[in-house]
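Below you'll find the structure, written out as structure tokens, and then a few comments.
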Amino acid sequence: MSLVVENVTKIYGRQKALDAVSFQVRRGEVLALLGPNGAGKSTMMKIIACYLPQTAGKVIVCGFDVSRQPLEVKKRLGYLPEHNPLYLDMFVKEYLRFVAGVHGLGRNSKARVDEMIALTGLTAEYKKTIGALSKGYRQRVGIAQALIHDPEVLILDEPTSGLDPNQLAEIRSLIRDIGKEKTVILSTHIMQEVEAVCNRVIIVNKGKIMADAPTGELRLLHNAGKALLVEFDKAPDIQKLKAIAGVADVVAEGRNGFRVFSQGVDDLRPAIFRFAVDHGFTLLTMTRQEDSLEQVFREVTD
Ligand code: ADP
């Protein structure tokens, strides 16, 4: 396991930013922490990267405890913080050499810096100062510094925020390539980004994990939130309910109640109402189920 997070809680003053969060990440996974602003994503990442102590719980990176063995963790972990803090007056190469020095790479520094410049596509720009670079290139410098000591785990906090569409595509493709070799955990509030880059997603809201699934199941999860709870005076044939246009699935609930899932149709209520009228049923209840996952998705994907 590259990462084990066990019951991690973080309280800032009176604000609970993380509430008993647990998950594990295997080597080679590219995991997205998806959630609206304030969900607790940055806090989680800072704790994993040893930048912030947790209030309770345990985090193990590559077998080392972040609280007890932070130096061992930092050797194996690269971190690109949100807003990518960089020394703008430094030249790209100078900065990367400096970071390599901090990691104690010694004689390997020069070769490693050149390797990072090539890997992150900085070759055309490396002679400039960081302040003279576009946002996309600065992001590459941030990724290069996070990778310089060849860590097993890479933590990227909102790596594509503020990039234009071309830069976005380039950085996503770079992260995909890096993900072939490393364990990557990135945070985002963009669902498309998860689908483009990650093979697993953890949806976070208000400091809690709402869902944890392979990216392929993201849409299914999303649809699972869009359910209607209906109750008739007597139970109709479930197959007939399933045959209504726009219905993805129906699950019986209670005596004459059903949970109806939609697909491709935003509001199934008119169709259910017509079904009841056409088949002689009286509709006793019909409520759109706004479960918390649906709310998170709304906030995340709006
Ligand atoms: P996200 O990265 O998902 O936007 P954060 O981890 O930045 O979320 O924030 C989670 C919650 O913790 C928010 O409500 C935020 O206001 C609060 N928070 C974050 N950092 C601090 C801090 N240093 N002091 C107090 N509250 C904080």
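Predicted model only: the values in this text are computed from it and were never measured. One-based numbering, in listed order, for ligands and for the atoms of each.
- Few gaps surround CZ on F23; more than 12 heavy atoms of other groups in view lie less than 6.0 Å from it.
- The single protein non-hydrogen atom nearest to atom 19 (C) of ligand 1 is Y12 CE1, 3.3 Å, given as residue, atom name and distance.
- A salt bridge does not link E152 to K182: none of the charged side-chain nitrogens sits closer than 4.0 Å to a carboxylate oxygen.
- The shortest contact between atom 5 (P) of ligand 1 and any protein heavy atom is with T43 OG1, 3.7 Å.
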Please list every donor-acceptor pair under 3.5 Å in which a side-chain atom of residues 11-22 meets a protein atom from a residue at least two apart or in another chain.
residue	atom	partner	partner atom	Å
Y12	OH	T43	OG1	2.8
D19	OD2	K208	NZ	3.4
S22	OG	N7	N	2.8

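- Of the protein's non-hydrogen atoms, the one nearest atom 7 (O) of ligand 1 is S42 CB, 3.7 Å.
- No N or O atom of A17 sits closer than 3.5 Å to an N or O atom of ligand 1.
- The environment of CG in D89 is sparse: at most 12 heavy-atom neighbours from other residues, nucleotides or ligands sit within 6.0 Å.
- Atom numbering of ligand 1 starts at 1 in the shown order; those under 4.0 Å from a heavy atom of A39 are 1 (P), 3 (O), 8 (O).
- Residue-ligand proximity: P36 is placed with a non-hydrogen atom under 4.0 Å from ligand 1.
- Atom NZ of K58 is surrounded by 12 or fewer heavy atoms from other residues, nucleotides or ligands within 6.0 Å.
- G35 does not count as a contact of ligand 1, since none of its heavy atoms falls under 4.0 Å from the ligand.
- Residues Q139 and N84 have side chains that bring a donor and an acceptor to within less than 3.5 angstrom of each other.
- Annotation: atom 4 (O) of ligand 1 to nearest protein heavy atom, G38 N, 2.7 Å.
- Which parts of ligand 1 touch N37 is read off a 4.0 Å heavy-atom cut-off, strictly below it: atoms 4 (O).
- Taking a 6.0 Å sphere around NZ of K93, one finds it holds more than 12 heavy atoms contributed by other residues, nucleotides or ligands.
- The presence of a protein heavy atom under 4.0 Å from atom 25 (C) of ligand 1 is confirmed.
- Partners of R172 according to the salt bridge (charged side-chain N to carboxylate O under 4.0 Å, His left out) rule, which considers only residues two or more places apart in sequence or in another chain, are E193.
- Scanning all protein heavy atoms for the shortest distance to atom 16 (O) of ligand 1 gives Q15 OE1, 4.4 Å.
- Closest to atom 8 (O) of ligand 1 among all protein heavy atoms lies G40 N, 3.0 Å.
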